[in-house]
Amino acid sequence: MTNKLVIGNWKMNGDILTNAALVQALLKFNANETDIVICPPAIYLSQVQLLIEKSDISLGAQNVSSESKGAFTGENAANMLKDIGCNYCLVGHSERRALFHETSEDIAQKITQLLSHNMTPVFCIGESLAQRENNETKDVIITQIQSVLALVGQQEFASVVIAYEPIWAIGTGKTASAAQAQEIHQVIRDYLNSLDNKAFSGTQILYGGSVNEGNANELIAQPDIDGFLVGGASLKAQSFEKICQC
Ligand code: PGA
């Protein structure tokens with residue numbers, strides 16, 4: 001059985017001192033059968049890498065350039081992330097889609113860049129509240145997957161981790177119920193299996209959106225939830241530890 005996967009997305013939070021204190025606390029974690037990844041802001045990736053290098057915690061980035069090198073001021077290329085020790089990278093987070101206008105084409109290029117440097121892309125998808133209320137959730141989710149998968153290629157897409165994050169649950173304190181989350185995770189799993197159940201048999205589907213120590217147990221008990229993408233609660237060592245332990 002594959003381990004559960006818990007990814008902490010620090011977003012644009014932290015500084016040298018608080019990062020060091022948080023990582024010191026994480027290093028004392030006891031979370032068997034759980035793979036833990038932390039995604040600090042790009043400027044602190046090297047700091048965090050030095051702190052976790054002898055541990056089982058892996059390093060992830062929050063973003064990557066869709067280009068490989070050159071005149072792209074302010075961007076970080078996939079080979080640079082790999083160079084400093086990243087094994088994972090988030091792509092298509094709803095904040096990047098909404099605030100930085102990332103399209104499926106951008107996301108597909110980023111995934112291709114990451115895969116060509118042997119990093120695992122964590123591809124985020126999710127519906128808005130209006131889409132949920134209009135009963136469009138399943139269509140939205142499948143379309144988000146299809147539009148990226150078509151560009152990345154089915155074989156390559158099998159190496160991607162998927163994070164289902166309903167936008168209305170991100171940072172709002174409102175979590176999808178375990179049943180709501182499981183329903184969509186199953187839709188995703190069934191869709192991938194309908195394409196190629198062998199190739200996608202190992203695909204991990206994470207849930208994200210206000211995961212905390214109070215709701216993690218019930219969510220992880222669902223058959224198609226393979227782990228979590230955690231924002232706010234990943235900044236609190238105790239909460240993050242409890243989520244990883246569940
Ligand atoms: P949240 O964020 O846990 O603070 O809701 C999740 C995410 O944005 O990945």
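Start at 1 with the first residue, then count along the sequence. When a ligand or atom number is given, it counts from 1 through the structure's own listing order. Not measured: the values here are computed from a predicted model.
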Under-4.0 Å salt bridge between Asp190 and Lys138:
no

Flag if over 12 foreign heavy atoms under 6.0 Å of CD, Glu53:
yes

Atom 7 (C) of ligand 1: closest protein heavy atom, distance to 0.1 Å, is Glu165 OE2, 3.1 Å

Leu26 side chain reached by Ile36 side chain, heavy atoms, under 4.5 Å
no

Please could you name the atoms of ligand 1 that Gly209 approaches to less than 4.0 Å, counting only its heavy atoms?
5 (O)

I'd like to check which ligand 1 atoms, numbered from 1 as shown, lie under 4.0 Å from a non-hydrogen atom of Ser210.
1 (P), 3 (O), 5 (O)

List every atom of ligand 1 that sits less than 4.0 Å from any heavy atom of Leu229, numbering the atoms from 1 in the order shown and giving each element.
9 (O)

Would a 4.5 Å heavy-atom cut-off, applied to side chains only, mark Gln62 and Trp10 as touching?
yes

Test item: Leu151 and Gln109 side chains (from C-beta on) under 4.5 Å apart, heavy atoms
no

Strictly under 4.0 Å, does any heavy atom of Ala169 approach an atom of ligand 1?
yes

Of all the atoms in ligand 1, which lie at a distance below 4.0 Å from a heavy atom belonging to Asn9?
9 (O)

Take atom NZ of Lys82 as the centre, draw a 6.0 Å sphere, and report whether it contains more than 12 heavy atoms from other residues, nucleotides or ligands.
yes

Does CG in Asp56 sit with more than 12 non-hydrogen atoms of other residues, nucleotides or ligands closer than 6.0 Å?
no

What atoms in ligand 1 come closer than 4.0 Å to a heavy atom of Lys11?
2 (O), 7 (C), 8 (O)

Heavy-atom contacts with His93 under 4.0 Å: which atoms of ligand 1 show up? List them by number with element.
7 (C), 8 (O), 9 (O)

Only heavy atoms of Gly171, strictly under 4.0 Å: list the atoms of ligand 1 that pass.
1 (P), 4 (O), 5 (O)

For atom 3 (O) of ligand 1, find the nearest protein heavy atom and state the residue, atom name and distance (0.1 Å precision).
Gly231 N, 2.8 Å

Tell me which protein heavy atom sits closest to atom 4 (O) of ligand 1, plus the residue, atom name and distance to 0.1 Å.
Gly232 N, 2.9 Å

Does the side chain of His117 reach to within under 4.5 Å of the side chain of Leu81, using non-hydrogen atoms?
no

Do any heavy atoms of Ala233 fall under 4.0 Å from ligand 1?
no

